[in-house]
Amino acid sequence: MKIAIVVDHYHRDLKGYLALIDHLLKHKNYEIILINFYHLYELYLVDPDLIILQNTRPENVLISKDLKKLNKKIIVIDSEGVPFGWTKGEDHIKQFIKNIVNSLDIIDAYVVWSKYIKSLLNENKIDNKKIHILGNQRFELFKQKFNYIYTNRKTTKKTIVINTNTPNSNPNYTTKRIDQNDIKKKLYYYTENKNEILGKYLKNNQTIFENYLKLIRNIVNDFKDHKIILNIHPFESKKLYKKLYGDSKNVIILNNNFLLPQLYKNYDFIIQYNSTTCAETLLGGKKSISVNFVDPNNIQNKFYNNLSLKFYDYDTLKIFIKNKKISNKKIYKIKKEELEILSYLYHNESCDTLQLISELIYKETENHKKSKINIFKKYFYFLKYFLFFSYDKLKIKVLIPRLMKLIIIFILNSKKFYMLKVKFLDNYKKKHIKLVEIQKYLKKLNLKEFSQYQVFYAKPKILKILFRSLVCIRINKNH
């Protein structure tokens, strides 16, 4: 049985998928393929039996329709989860629900994070037979049972970690204009007044961004005896932070944004606003600090507001951090009702999500009846995607550049073509899934059984002569 997992954001999602893969391979000897989202066409080339997608935005709905015609099982494990945005309105939540609804006739199962999502579906009277409340695999890694993976950082210096969360005001991978168009596509494409909503969204984000920069400057100046770790959102550019704070001796700007469990394990003061950080730290047994005073519009959702220690002015925060004895008591004091809210939003709090998702996959693979698909049908749907697909539409105008791309791949092979892009394009470099990193992380997860794992670049099952070697990664156990 061959399972393909589409990895949208390498830094955010990969380690959670590897934890799930490790759990799956303890019980079944699947062949598992990690598909880099930037080379999604390789999904067709490896010809899997079951496909795990990350969401059901329009592009994935269109792809799923074709994959079902090839008799593929499709499970969506939502990577975005709780759809809280930067406005007080609920248009983005309505769009999130529409995405799920539009996919239910095509897919076999949809994994949501929590009872909260299920309640939204129930409010909209949606048939939820295919909906499974299981949580998300990446949040398991914040639990204390996984502390063995992370390094203990010994330091005598007091430390403050500041997580940023304003990528739309300071984008990393794109320009502001392209980012705005991307938000329209992803969050508000079916919303009538999307330009007005987007305007409010970006205005709020910009206000918070500017106030956050002032907050960081105040902390850097007022806590010179502390180490200040700036953990920049992965979709945010680090250039501005390096320019503003890089010369300060007590500031460290992290290169790897997703060592979050390690940060939370080692340091007490974790500052954030309107971020999943509040849930992640709670899963690990401590509260984060919510700096509500950076947001005069008070857009933070009621759930996140109740999962952290709230501060409404800087002076109170300053006193709190300086009084370590009192602050430690409050950071580690978690009430029963707070855990109930956490469980309502993140099912991981009350269950073993790796086990639950694995059981769903076992069930779906056991029920899958293979049928022989004509090889020319496979070629047709691959070429339809490769030559004409553009976001959520088929476009004739992309045919010529795609044919040129096909010629280059024929000369180099698919893997070398991708590696060429990694060398020259920053986006590809940042989102490249490295073989050695997968091997290292699997070894950390399961040292006892790691020697049985095989990790290597996959080969195509169809069009072998044309593509020869792929950039997607195959993981399985020795027989």
Side-chain angles (χ1 to χ4, degrees), residues 1-8 10 17 30-77 103 106-108 364-365 368-396 398-399 401-419 421 428 431-433 456-476:
M1 176 64 68
K2 187 186 291 184
I3 299 172
I5 300 175
V6 176
V7 183
D8 185 356
Y10 153 63
Y17 284 132
Y30 294 130
E31 179 185 338
I32 300 177
I33 312 287
L34 292 170
I35 306 285
N36 190 307
F37 192 64
Y38 276 9
H39 261 208
L40 193 58
Y41 67 81
E42 293 188 348
L43 179 63
Y44 293 84
L45 298 174
V46 294
D47 197 21
D49 303 294
L50 182 145
I51 296 151
I52 295 175
L53 295 174
Q54 80 285 19
N55 61 49
T56 51
R57 289 174 181 162
E59 67 271 32
N60 277 351
V61 170
L62 191 64
I63 292 166
S64 297
K65 286 177 180 177
D66 285 353
L67 292 171
K68 289 309 288 184
K69 291 170 186 173
L70 294 171
N71 193 35
K72 307 299 182 189
K73 278 270 185 182
I74 300 173
I75 296 176
V76 178
I77 303 178
S103 71
I106 309 162
I107 64 169
D108 297 281
E364 292 298 332
T365 53
H368 184 52
K369 293 179 181 178
K370 286 188 178 184
S371 60
K372 195 168 183 181
I373 303 292
N374 186 293
I375 189 68
F376 293 104
K377 191 175 182 180
K378 294 180 181 181
Y379 293 164
F380 170 77
Y381 283 112
F382 164 74
L383 290 170
K384 177 185 173 184
Y385 175 81
F386 188 91
L387 296 177
F388 300 105
F389 186 81
S390 179
Y391 190 68
D392 61 340
K393 294 181 180 69
L394 298 175
K395 293 182 180 177
I396 296 294
V398 301
L399 177 59
R402 295 288 174 83
L403 284 171
M404 291 173 64
K405 179 178 174 180
L406 200 59
I407 292 168
I408 295 169
I409 289 172
F410 178 69
I411 295 167
L412 296 177
N413 79 38
S414 186
K415 190 175 97 177
K416 286 181 180 176
F417 174 61
Y418 184 89
M419 293 305 184
K421 289 189 281 186
Y428 282 81
K431 293 191 177 184
H432 174 46
I433 301 173
F456 46 86
Y457 289 109
K459 299 286 184 183
K461 195 173 177 183
I462 67 169
L463 297 170
K464 297 177 185 178
I465 295 173
L466 176 58
F467 288 90
R468 302 189 295 287
S469 184
L470 307 178
V471 79
C472 59
I473 292 169
R474 172 180 166 175
I475 304 171
N476 63 280

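Because the structure is a prediction, the values reported are computed rather than measured.
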Would you check if [X] and [Y] make a side-chain contact, meaning some heavy-atom pair closer than 4.5 Å?
X: M419; Y: V471; value: yes
X: K73; Y: D49; value: no
X: L406; Y: L466; value: yes
X: L470; Y: Y457; value: no
X: Y30; Y: L50; value: no
X: F389; Y: I63; value: yes

What distance separates [X] [atom1] from [Y] [atom2], expressed to the nearest 0.5 Å?
X: F386; Y: L45; atom1: CZ; atom2: CG; value: 8.5 Å
X: E364; Y: I75; atom1: CD; atom2: CD1; value: 5.0 Å
X: Y44; Y: L463; atom1: OH; atom2: CG; value: 13.0 Å
X: R402; Y: L383; atom1: CZ; atom2: CG; value: 12.0 Å
X: Y381; Y: I373; atom1: OH; atom2: CD1; value: 9.5 Å
X: I3; Y: N476; atom1: CD1; atom2: CG; value: 11.5 Å

Would you say the side-chain atoms of [X] pair up with the backbone N or O of [Y], donor to acceptor, closer than 3.5 Å?
X: K2; Y: V46; result: yes
X: R468; Y: F410; result: yes
X: N60; Y: N55; result: yes
X: Q54; Y: D8; result: no

Over 60° means perpendicular and under 30° means parallel, so tell me whether F467 and Y41 are parallel, tilted or perpendicular. tilted

Taking atom types as modelled, is there a side-chain donor on Y418 or N36 under 3.5 Å from an acceptor on the other? yes

Show the numbers, then the answer: is there a side-chain contact (heavy atoms from CB on, under 4.5 Å) between I473 and F456? CA-CA 6 Å; I473 292 169; F456 46 86; over 6 Å; no

Quick one: are the ring centres of Y38 and Y428 less than 6.0 Å apart? yes

For [X] against [Y], the heavy-atom pair lying closest together:
X: P48; Y: K72; value: O-NZ, 2.8 Å
X: K415; Y: N413; value: N-OD1, 3.0 Å
X: C472; Y: E42; value: N-OE1, 2.9 Å

Take atom NZ of K464 as the centre, draw a 6.0 Å sphere, and report whether it contains more than 12 heavy atoms from other residues, nucleotides or ligands. no

Charged N to carboxylate O below 4.0 Å: is that the case for D108 and K68? yes

Show your working on side-chain contact (heavy atoms from CB on, under 4.5 Å) between Y385 and D66 and close with a plain yes or no. CA-CA 9 Å; Y385 175 81; D66 285 353; 5.9 Å; no

Qualifying residue for side-chain contact (heavy atoms from CB on, under 4.5 Å) with S64, from L53, T56, V76: L53

